Amino acid sequence: MSVAFTFPGQGSQAVGMGKELAEAFPEAAAVFAEVDDALGQKLSDVMWNGPEETLTLTANAQPALMAVSIAALRVLEKGGLDLKSRVSYVAGHSLGEYSALCAAGTFSLADTARLLRIRGNAMQAAVPVGKGAMAAIIGLEHGDVEAVCAQAAALGACQIANDNGGGQLVISGEKEAVEKAAALATEKGAKRAILLPVSAPFHSSLMAPAADAMRVALAEVKASDPVVPLIANVRAAPVTDAATITGLLVEQVTGQVRWRETVEWFGANGVTTLYEVGSGKVLTGLARRIDKSVTGVAVNTPADIEAALAALRGE
């Protein structure tokens, strides 16, 4: 019987996120203030008051989601949670991997905020708007989606970006190739193939300039071994060495987020509960679809935190 903490990725943002925590808990408010200070921007004001289109910008959404996750974690810690002794593993979906590493002590909060701002800007700048695209393919097996990507790659870069489980895969690459792959997927029997309203083709080879930017940025920050193992996105396996982790974070920019395999790994290795720490309930929903033996629990309100603490104490 063991517990893992997971941290959400882009798409889980919402105007107002974290405000209730900041108002109820001084340690949460301190996280938002530190992130604002690290970025030289009142990001918390954008988070709590919008406008939504400003919050949704990649360079804002990434550090903002991390801030909510770490604010919730700090409240759990104030309530008596010791991550090292009570939590077996951490993992995060794409940018959530940085939240997981901040939680596990690999990066400081200020460094994590700055890294995510660099990451967001670099990912946005890597490909001219309109050149790339992403699409969700629902109801096809991984191998079938790989095959349609390979076929469409004659028109340009096209690959699986996220394997989210439950028959949901996201593909990414050059617009013409992604559109072709989506059409081929429909022909192969996909229930749906939907182009996503995203600003860049994340987790594709087109993100190589952003990977280079992160290699430079990560080389300049202090990285410590995490206090609990990270289940890395691109490996879906545990990693405990800081130097290896920073290399995998670079690889992650152009590589596949193997979330289905991550949750399957948890289920196969005795993890019974996945606490999703931060905004929304996306990962909790995915866990339910991937492995019925693993229970997902979203932790983002004061009531959620109280319930999680009681459960973690065995009450």
Side-chain angles (χ1 to χ4, degrees), residues 1-36 43-50 52 55-56 61-93 95-96 98-100 102-104 109 112-113 228 259 263 266 271-315:
M1 300 280 283
S2 71
V3 162
F5 275 15
T6 64
F7 298 85
Q10 215 159 324
S12 291
Q13 69 275 359
V15 172
M17 65 180 187
K19 190 175 185 184
E20 193 179 6
L21 293 179
E23 289 172 347
F25 304 105
E27 48 280 356
V31 168
F32 297 117
E34 188 175 340
V35 169
D36 286 352
L43 183 62
S44 56
D45 184 55
V46 175
M47 291 164 62
W48 299 337
N49 302 308
E52 188 177 356
L55 176 60
T56 303
Q62 295 199 13
L65 283 161
M66 181 278 298
V68 177
S69 287
I70 300 305
L73 181 79
R74 294 286 181 261
V75 178
L76 287 166
E77 289 175 333
K78 179 73 174 177
L81 170 79
D82 177 56
L83 192 83
K84 188 176 180 180
S85 64
R86 194 63 193 87
V87 176
S88 300
Y89 307 98
V90 293
H93 193 286
L95 85 89
Y98 286 79
S99 308
C102 181
L109 175 60
T112 309
V228 297
W259 197 256
V263 175
F266 283 136
V271 174
T272 52
T273 310
L274 296 180
Y275 287 95
E276 179 179 4
V277 184
S279 181
K281 299 180 178 182
V282 171
L283 301 183
T284 299
L286 293 179
R288 192 177 300 122
R289 295 209 295 269
I290 295 166
D291 188 336
K292 297 284 192 289
S293 74
V294 177
T295 303
V297 180
V299 182
N300 55 37
T301 67
D304 292 342
I305 287 169
E306 198 174 312
L309 284 170
L312 287 162
R313 285 193 295 257
E315 292 174 6

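Worth knowing before you read on, the calculation uses all heavy atoms, side chains too, and leaves out hydrogens, waters and symmetry mates. The structure displayed is predicted, hence computed values, not measured ones.
- Remark: Glu77 CD is packed, more than 12 non-hydrogen atoms of other residues, nucleotides or ligands lying under 6.0 Å away.
- A pairwise comparison of heavy atoms in Thr6 and Leu274 identifies CG2-CD2, 4.1 Å as the closest pair.
- Across all their heavy atoms, Val31 and Ala67 have their closest contact at CG1-O, 3.6 Å.
- Between Ser88 and Ser2 the shortest heavy-atom distance is OG-CB, 3.1 Å.
- Using a distance-only test at 3.5 Å, with no hydrogens or angles considered, a donor-acceptor pair links the side chain of Arg86 to the main chain of Leu312.
- Side chain of Trp48 to main chain of Met17: a donor-acceptor pair is present (N/O by atom type, distance under 3.5 Å, no hydrogens or angles).
- Within the 4.5 Å cutoff, the side chain of Val297 has no heavy atoms near those of the Thr284 side chain.
- At least one side-chain heavy atom of Met66 sits under 4.5 Å from a side-chain heavy atom of Leu109.
- For the pair Ile290 and Trp259, the minimum side-chain heavy-atom distance is below 4.5 Å.
- Of the N and O atoms on the side chains of Ser44 and Asp36, at least one donor lies less than 3.5 Å from an acceptor on the other residue.
- No donor-acceptor distance shorter than 3.5 angstrom exists from the side chain of Asn300 to the backbone of Ser279, with no hydrogens or angles considered.
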- Message: Run Leu21 and Ile305 through side chain to side chain contact (heavy atoms under 4.5 Å, CB included) and show every step you take.
- Response: CA-CA 10 Å; Leu21 293 179; Ile305 287 169; 3.6 Å; yes

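- Using a 4.5 Å cut-off on side-chain heavy atoms (C-beta onward), Leu286 and Val263 make no contact.
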- Message: Test side chain to side chain contact (heavy atoms under 4.5 Å, CB included) on Val68 and Met47; report intermediate values, then the result.
- Response: CA-CA 10 Å; Val68 177; Met47 291 164 62; 3.5 Å; yes

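- Between Pro8 and Ser69, the closest heavy-atom pair is CD-OG, 3.7 Å.
- The shortest distance between side-chain heavy atoms of Leu83 and Leu73 falls below 4.5 Å.
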- Task: Show the numbers, then the answer: is there a side chain to side chain contact (heavy atoms under 4.5 Å, CB included) between Phe32 and Leu43?
- Result: CA-CA 8 Å; Phe32 297 117; Leu43 183 62; over 6 Å; no

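- Side-chain contact between Val271 and Thr273: absent, with no pair of heavy atoms (C-beta onward) separated by less than 4.5 Å.
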- Verdict with supporting geometry, Leu81 and Leu309, side chain to side chain contact (heavy atoms under 4.5 Å, CB included): CA-CA 7 Å; Leu81 170 79; Leu309 284 170; 4.3 Å; yes

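- At distances below 3.5 Å, not a single donor-acceptor pair connects side-chain atoms of Glu27 with backbone N or O atoms of Phe25.
- A distance of 5.5 Å separates NZ of Lys19 from CD of Glu23, quoted to the nearest 0.5 Å.
- Separation of atoms CG (Leu95) and CD (Gln62) is listed at 5.0 Å; rounding is to 0.5 Å.
- In this structure the side chain of His93 never reaches within 4.5 angstrom of the side chain of Val282, judged on heavy atoms.
- In terms of heavy-atom proximity, Ala22 sits nearest to Ala29 at O-CB, 3.7 Å.
- A distance-only check finds a donor-acceptor pair linking the side chain of Glu276 to the backbone of Leu283 [under 3.5 Å].
- The two residues Leu76 and Ala308 come nearest to each other via the heavy atoms CD2-CB, 4.2 Å.
- The aromatic rings of Tyr89 and Phe266 sit tilted relative to each other, their planes meeting at an angle between 30° and 60°.
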